[in-house]
Structures are given as structure tokens and as C-alpha cells.
Undergrad: 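First the structure, then my questions, so here it is.
In the text below, chain A, chain B and the rest are named by the order of the sequence lines, each starting its count at 1. Remember, it's a predicted structure, so these values are computed and weren't measured experimentally.
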Amino acid sequence: MDKQYKPRDIEQKIYESWEKHKCFLPKDSASKFSIVLPPPNVTGTLHMGHAFQHTIIDVLVRYHRMLGKSVLWQPGTDHAGIATQLVVENRISNSGINPKTLSREKFIDEVWKWKELSGNSIINQTKRIGSSADWSRNRFTMDDGLSEIVRNIFIELYNNKLIYRGNRLVNWDIKLQTAISDLEVVNEEREDFLYHLEYGVKDSVDKIIVATTRPETFFGDSAVCVNPSDTRHNRLIGKKIILPMINREIPIIGDDIVDMEFGTGCLKITPAHDFNDYKIGKKHNLEFINILNKDGGLNENVAKKYIGRNIHDVREDLLEDLESLGVFKEKVPYKNTVPVGERTGEVIEPLLTNQWFMNMNDLAKDGIRVVKEKKVNFVPEHWEKIYFNWLENIEDWCVSRQIVWGHRIPAWYDIEGNVYVGNDEEDIRIRHNLSDAISLSQDTDVLDTWFSSALWPFSTLDWKKDDAVFQRYFPTNLLVTGFDIIFFWVARMIMMSLKFTKDIPFKKIYIHGLVRDSEGKKMSKSIGNVIDPLDVIEGISLDKLLEKRTSSLINDKHKSNVIKKTKRDFPDGIKEFGADALRFNFCAMASTGRDINFDLKRIEGYRNFCNKIWNASRFILLICKDYQYKEGLNSKDSNIFDKWILYKLDNMVADFKKYTKNYRFDLMANSIYDFVWNEYCDWYLEIAKNNTSETTKNYLIFSIVRIIKICHPIIPFITEDIWKEFYNKGFVTEQMLINSSFPTQIRISKEYDVESRVENIRDIIRKIRKIRAELSIHPKEIVSVKIFINESILVSDVNEHSGLINNMTNIKIEVIDQKEENLDYIDLIDENYTLYLKIKNMIDANEEMAKIDKKITDLASIVNKIDQKLNNKKFIERAPSDIINQNISNKAKIENDILSLRSLRDTLSD
RNA sequence: AGGCGCGUAGCUCAGCUUGGUUAGAGCGCCACCUUGACAUGGUGGAGGUCGUUGGUUCGAGUCCAAUCGUGCCUACCA
């Protein structure tokens, strides 16, 4: 083995060998563990969120696999309708062709071509972080099988009257020219104005002033609304006004929805272009006047000179015209929130269109019920509130999109516009008894991407296709995902599974935080603060990083800033840390919080940890070079440290179990880190150096193998590689670690008080080291130490392990049977023993005495605090006795320490 | 406007569910150490009035109330 661990040399080879040996396929076993991967977009490249999520999943998957279960991790990708279509349109544009000129079929061909070309790149990246998914079952939402399920479910929902077609107001993105979900709309706060428009009232000298943020929609107004109890205006209710330029007469109506305090107290009503006005329009039976074409151009319902102009460009011109007509009087500054398309940045227009909707009422009720009944559990639990809140206020889901990439809606129309829903044209003709003479054309819309995603847990698990697979792995055990798609995805999967499989899709939902940059900002290509997980694994030079980060900036203004920050944060680029370090880091960060700030410094720490394990293994291999390992442990010859490390390992196994159960991967990582480094390497291995007996060798191999196994789910590459060495030496029998079994507890007998005996020895060593360091004794100086002990077991332990103590502290220790009176020694007093160190004339006494005085004062103040408690009558009366005793014994211990320090001080002052 | 998080060491975070040792970890910092697994290392150390105020309690980082700061989500008054 190399002196240093080099992830580059091992990771890819190891992954290939796992695949070659088909290690990711489910084994035969009575108990199962199954999980579906939230399918990433085919457009995507692996980002930190994926890497984090996959790590968490993979830890659990590997753990359960080592428990001998039949583990299925079902992977796949999502076709991501709009996102993918945009990417492909861009590609086509870049090759000099206008994508709009391509036929639907040709365009879809192009998408498939592109999907084959790059759609699988994310899968290859996923493999780099070690995900042990069953790639033989890889699925894509547009696969034939999945598409068939999508169609069938649509048809069934339609036949059940749960899907219907309707003319409704939807969020329209004029750039994409499609409806989008309100979840894809972000509200942006903008400094804007309230525009006051003054209309003359017909057959009256009265004027009425409306306040609006969108003057350009006045072409679509069909009423002006005032509050009936508003004495300024209510007498005008029932009269009419005439809209300027288009000379349309519209009524003044009354409704107490109008806030009298706001603006002018008069509200213009545009039922076809505003969600609130839509409701008012329905209520008062107003005219719905659409003024917009699908591309955002104004239609023939507006004044002639504005026909064809884009609604987002006309405001200034229109205001000028209205001003000259004396209608526009003033504008007042107003902070407004504007709906903006998440993908395009374009202001979203509510638009009346024919769309397909899914009635969500009953589905939502079932979705709420299974979580309320704890059949499905959120981890952490509080996320269920978010889930309930959404489902309780759910509206019908607009499932149609006016794009071409996706599952085409299985509906056909005859020339009269009658709708027929069915599998294909032939199916429809048979079902509805339509002759070939009637020409049918299919709906051009496709389904919202999330429609097929909602079916993912059962559509990928061979629902209605392979009962054995479905029965075995569905429902899945767990879903791991981010809180940002609880609405988009989690809720819909639950509802659709309940509806169609009559079962929940998963028992638990582990919601993880969002990975942010080290300053807590969301990682975004347009901000230029993205860290690519592959760059952390493989490393990247500063130049390349700069290029990456500046190439997709939305705004060139930021460029210099991005360059400056990147240079500051990564002066030498990013070092190569390897997938294992990245994975360990993700586990350590996976606490209950909502945000995860990504800090490269921490990864470096975990890379070092990997190196530590590497070297510990290497050390053991060196020591046990020609050793014949004997399965099983010979406890007769083992010493207290051997027993102690077994005991600690048992705790480790128990911890791991506990932390997988409560999904505290951060505590899991910390507990492993602490044990391996601070107990195993710092103590057990150091101790073992002093005694390389056969028994010890056996314990060394036994213990490191357990550690490698326990660590494997988190850091699979390095552990598998080390395993190979152990396998070659004949120390383990299973050829591959991934197929080995997870350790169970040994439950070592408690006949020896191993922990406290080892703790005593460690304490002696720590005390000596500490005083040596504090008194600045050079490490090479051998110090004579005597120890007087008043506990028999400790006498024998110290005698037995005096060589060890000597080596670990560079002293010469001697156990004496009465207290030492020689003034050349300084003494350290403990409850069970007194240490005498011959270092008096090696040090600067005054300096040391000052240090000791400070420490005595500190300890005295703690004693003081405890005394206050103990002197408090109420404390003695009401506190439980073990707490009181704890305080008493604690006080005694500190007083002992003080005594020891005083005595040390006295010795020094002599 | 409501809802949900967060605020603990220079930085990143545990600890709060179920109140009780001298509040922990990693990184960083300081000193010393080229000790034969590892300098991606070893030994020792410094550093915190737990955002603020009040309350409950014998006892509060932990429970309650208020408040400030901060982040997110949902719904929005044109």
C-alpha cells in the first residue's frame, strides 16, 4: 500500500468491479429494502443536491445490503418537458436552423437524438460518487412502458370524471407559449407605481378614478367596482362609464371585496387577465374579454394602433395617449409583487385557454389521511405541516402544457370539436363506434412532466407488468428528497399511488436540506457560485474554475465580482479530494437544519480522515505481514485494551444502527470519526505498538475489519480497496466488502471493569503528558516518575503496562509502596494514586506557579458555585438525590484537583 | 399578512424532543515535536455572559412569553 491514499487510483476501478460482479442487483432474501431514486432531468449535470441525496440513499442502501436484505435501488431519469425542449431548441438554433420551422415529429426526433447523446451523462456522473443503484433496471419517463402507464392512467381518470377539459385562467408564459404551474411562478417584489385613471360617468357630471398597477389591461376591463358602503362612490353603482379609445360601455358594480382604504377605492375589473377579477367576473356575470394572443401580442379587442404589439412594451405609449385624453392623471410609487416565470424571467400573464385539469379534492383527502394516520411519515416530522397546508388548499391541477416534448394527451377531436379519449385512434374508433369517414386529430398538448413523475414509484416497479417484482418491492421503504419538491412531487406520488395501487408509495420520507455555498447562498450558475461535485472529487485548476463560473453568467456586470470571489475562495483551484471524502462530508452535514453550507475546509478534514483509515490499515498489514489470522478471538490471552476496543466497537455498531433508524447521518459520521481517530488510532494502535503478540495481531485484524465494514456504507471506495489487501492476505474470506455482512454486537462480558481500568491508565498517561507540555519539558528528555497507588487492581495494571506508559510519555515509571518524601520530585495527586515527577530543576518555577494559581482560582470558583447549590435548602429538599450526590462527588473531585495543584505549587516554591 | 427555520468558540455546526457533571466537535489559531501507519501526522493549549429581556423552576443553552436580527415558504390589495 502507498504511504498516502490516492482516490484517483482506486475509485473508478472499484466501481467497475462492483458492476462487473453485479453487486448492485438485489439478492434473494426474505426481507427487502427498496427505494426509488428521484429521477434527475436528462438535461442536467450532477449538482451538489444530487450528490448529497445520492450519498444519503447509498449509505442506507449499502447498509441494508450488508444486512443481507434483498435491496433494490431503482434508478432512472426524467424527461423534464419544458427544460429539455428549451435546451434542444437552443441547440438547433445554434446550428443555424429556426426550431419553429421543424415539424413536431422532426423536433421530437431531435430531442431523442440529443437524449441518447447526453441524456446518460448524469448517470455516469452519478456512478462517480459511488451510487450502487441497479442500473439494469434503469428507467426513463418517456420509455414505452412508462408512457403506456401514463396513457392508461389518464384515460382512467378521464373516464372517472377526475380529468376534464375546461376554459380557465392559467399562468401563461408568453416566451414559452405554454401554461405553467403556479409552483413554477416566482413572485418578485418590484418598485412600481399605482396609476390613477379617471373616467367620466355616463349621463352624469361625476368622475371616477381607478387605481391600477397594470394600466395596459384596461382594454380588457368589463366593470369598475366600488365598495357598496363607500359613501364617496356608492351612488354611482348601476351607472356606466365609457372606456376611452375603444369606447366600450362598462358598468359600475358594487362588491365589498373592494378595500376602501386602498388606492382610490375604485377597482377596475379585468376578468380575463387577473385571477381575482376572474372570480368577481364570474360572480357578477361580467363579460370576459381576452385582449392577448398566445405570443403576448395584443389582439383585435384593443385600440387599433396597439393591435399586435407586445403587452409588456406598450405601457409608456399607452399612458401618453391616456394622458393626452385627460384620463391618466398621476402615478404614485408603490411596491408591487409581480409574478415571473421561474425559467424565463418573463412576467406571467393570466390567460383564458382550453386546458386539461385534474380534480384534486378526493385525491387530496386521501393524501392527507395517510400522513395523518402515520402510514407515511416525514422525517423530520415538521415537514408534514407544509404538506398538509398545501393539500388543504389545493386547487385543480392543470396537467396540459403547450409544448411538444412529453407525453401527448391521448385525446382526439372530430371536426365538430367533440372529444374522444383513448389509447390511440383505432382504439377510439372502436370504443365510440366512429367510421373511418370521420376524421380525427389528436390534441397537440402534452402532459405536465410531474404527471409521469407522480407515477414513478409504481410505474418503475413493473406495476401491472411483473407482479413478482411489484409485490416484492412496492411500497418502497423510503423516499429521500429535498423540501423544495414536496408539492411538485411527494404529494402527487402519494395521491396517485393511493388512487391506482391502493397503497402508499413509501413508508418514510426523509427530507434533506438544500446545499448552499459557504456564505449560505443558493448555488446558481447565473450567480457564478456553483461548485461541481465532480470538481471536488477530481480537483480543478483555478483557471478552469474561473472559466466554468463565468461562462453561464446571466449578467456580465457580475463577472469581475465572480472572478474576485473565486480567486479569494480558491486561490489554487480545488484540490482532489475523492468521492469518499465528499460522501463523508455530506453525511456529516446532514443534520436536521434546512440549509447546508458547503465548506471545502471540512471536506479536506474528511479526506484526511480517509487517509487515517488507510494508514491504520496499512500499519496493521505491516505488523501482521506474515501472520496467519485465526478466525475468532482468543479472549484468554487478551489484555484489557483488547477487551476495551471490542467494547468500543460494540458501541460503534449500536450507534450506527441507532443513527440509521433516526436518520441522523451527521451524528453517525461524527461518532465514526471520533471513534476511529481518537480512540482506535490514537490509543489502541499506539498501545498495540508496545505489544505485538499473536493475540494482539488477531485483535488488530479483527478490529480493523469491523471498522472497514462499519465505514463502508459511507466511504465505499477506500474501504473496498483496503478490503482487497486483507482478502489477498487471507484475513477475510468474502471476496468483496460490498457483499459482506454488517457487524453485529459481540456483547463482551462485563466481568472486568474494562472501561474504567483503561481509563485509569489513559488518565495517568494524559496527566504526565500534560504536565510535561505545560512545564515545557523537551519531548526527548526522559523523566523519572514514581507512582504511589492505593487501589490494588491499578497496581497490577500499571505494573503490567509500565512499558507502555513509559513509551507513550517518554518517562521511566516506578511503582512505589509508600508516599515519596523526596523534595526533588513534584507530585500530582489523584483519587487513586499520586504521581511524582523528577522535573523540578528543569523548569522556570515562577512562570509555572503563576499558571497554577490561575487554575486554582478557576477551580475554586466552580467549587463556589457547587457550594451555593448545596447550601440552598430548597435544592436539597427538591432536587433528586442522584443529582445532589453528583454535585457532592463532583465537588470532592475538584477539591482534590485543587489540592493536587496546591501541592504542586508548594513543591515548586521550595 | 400568515406559516416555518435559524441565531451556541474566529468559521461551519452538534447539544434543546425528555431541564441537572466544569456546554462539545471539525476546521482555523498558538506552542512544541522530521517518534519506524499517517506532517493528509503527533502532543499540549488558548478561545463561548448559548441573540436580547422577562417568566416558570431548587436549577434554563434546553420549557414558556415577548423582542431583535436573519433566511425560506405560502397567500396576496388593485
Undergrad: Which range-with-range stems can be found for RNA chain B when each stem has 3 or more Watson-Crick or G-U pairs in a row and both distances sit under 3.5 Å?
TA: B:1-7 with B:68-74, B:10-13 with B:24-27, B:29-33 with B:41-45, B:51-55 with B:63-67
Undergrad: If the sugar-phosphate is the primed atoms plus P, OP1 and OP2 and the base is the rest, what is the B/S/- string for nucleotides 69-76 of chain B, using protein heavy atoms under 4.0 Å?
TA: --BB-S-B
Undergrad: Taking only side-chain nitrogens and oxygens of A:S591, does any of them come within less than 4.0 Å of OP1 or OP2 of B:A14?
TA: yes
Undergrad: Indicate yes or no: at least one non-hydrogen side-chain atom of A:I715 is less than 4.5 angstrom from one of A:I613.
TA: yes
Undergrad: Output the single nucleotide from B:U22, B:U43, B:G26 whose closest atom is nearest the side chain of A:K869.
TA: B:U22
Undergrad: Roughly how far apart, to the nearest Å, are B:G51 and B:G45 at atom P?
TA: 27 Å
Undergrad: Could you tell me if the side chain of A:L391 sits less than 4.5 Å from the side chain of A:M360, heavy atoms only?
TA: no
Undergrad: Could you tell me if the ring centre of A:F665 sits under 6.0 Å from that of A:F586?
TA: no
Undergrad: Side-chain N or O of A:Y334 less than 4.0 angstrom from OP1 or OP2 on B:A78?
TA: yes
Undergrad: Should A:E759 and A:R766 count as an ion pair when the cut-off is N to O under 4.0 Å?
TA: yes
Undergrad: Could A:E755 and A:R762 be called an ion pair, given the rule that one side-chain N must be under 4.0 Å from one carboxylate O?
TA: no
Undergrad: Please enumerate all residues that pass ring pair (Phe, Tyr, Trp, His ring centres under 6.0 Å) together with A:Y680, with sequence neighbours excluded.
TA: A:Y684
Undergrad: Protein within reach of the bases, or only the backbone? For nucleotides 29-41 of chain B, mark each nucleotide 5' to 3' as B, S or -, using heavy atoms under 4.0 Å.
TA: ---SS---BBSBS
Undergrad: To the nearest Å, give me how far apart NZ (A:K874) and P (B:G59) are.
TA: 7 Å
Undergrad: What is the distance from CG of A:L600 to C1' of B:G26, rounded to the nearest Å?
TA: 15 Å
Undergrad: Tell me whether A:K601 is salt-bridged to A:E604, with the criterion being a basic N under 4.0 Å from an acidic carboxylate O.
TA: no
Undergrad: In whole Å, I'd like the distance from the CD atom of A:E381 to the C1' atom of B:G5.
TA: 16 Å
Undergrad: Any idea which of B:G26, B:A78, B:U21 is nearest the A:N678 side chain?
TA: B:G26
Undergrad: Rounding to an integer number of angstrom, what distance separates B:C76 and B:C16 when you compare their P atoms?
TA: 38 Å
Undergrad: Counting only pairs under 3.5 Å, give me each side-chain donor-acceptor contact of residues 864-877 of chain A, with atom names and distances, residues two or more places apart or in other chains.
TA:
from: A:D867; atom 1: OD1; to: A:K891; atom 2: NZ; distance (Å): 2.8
from: A:N871; atom 1: ND2; to: A:D867; atom 2: O; distance (Å): 3.2
from: A:N872; atom 1: OD1; to: A:K874; atom 2: N; distance (Å): 3.0

Undergrad: Indicate yes or no: at least one non-hydrogen side-chain atom of A:S617 is less than 4.5 angstrom from one of A:E725.
TA: no
Undergrad: Report the distance from atom CG of A:N585 to atom CE of A:M589, rounding to the nearest 0.5 Å.
TA: 4.0 Å
Undergrad: Side-chain polar contacts of residues 214-226 of chain A - donor-acceptor pairs under 3.5 angstrom, sequence neighbours left out - could you list them?
TA:
from: A:R214; atom 1: NE; to: A:E216; atom 2: OE2; distance (Å): 3.3
from: A:R214; atom 1: NH1; to: A:E349; atom 2: OE1; distance (Å): 3.0
from: A:R214; atom 1: NH1; to: A:E349; atom 2: OE2; distance (Å): 3.4
from: A:R214; atom 1: NH2; to: A:E216; atom 2: OE2; distance (Å): 3.3
from: A:R214; atom 1: NH2; to: A:E349; atom 2: OE2; distance (Å): 2.9
from: A:E216; atom 1: OE1; to: A:R315; atom 2: NE; distance (Å): 2.9
from: A:E216; atom 1: OE2; to: A:R315; atom 2: NH2; distance (Å): 3.1
from: A:T217; atom 1: OG1; to: A:R214; atom 2: O; distance (Å): 2.9
from: A:T217; atom 1: OG1; to: A:K268; atom 2: NZ; distance (Å): 2.6
from: A:D221; atom 1: OD1; to: A:K268; atom 2: NZ; distance (Å): 3.0
from: A:D221; atom 1: OD1; to: A:T270; atom 2: OG1; distance (Å): 2.8
from: A:S222; atom 1: OG; to: A:E287; atom 2: O; distance (Å): 2.7

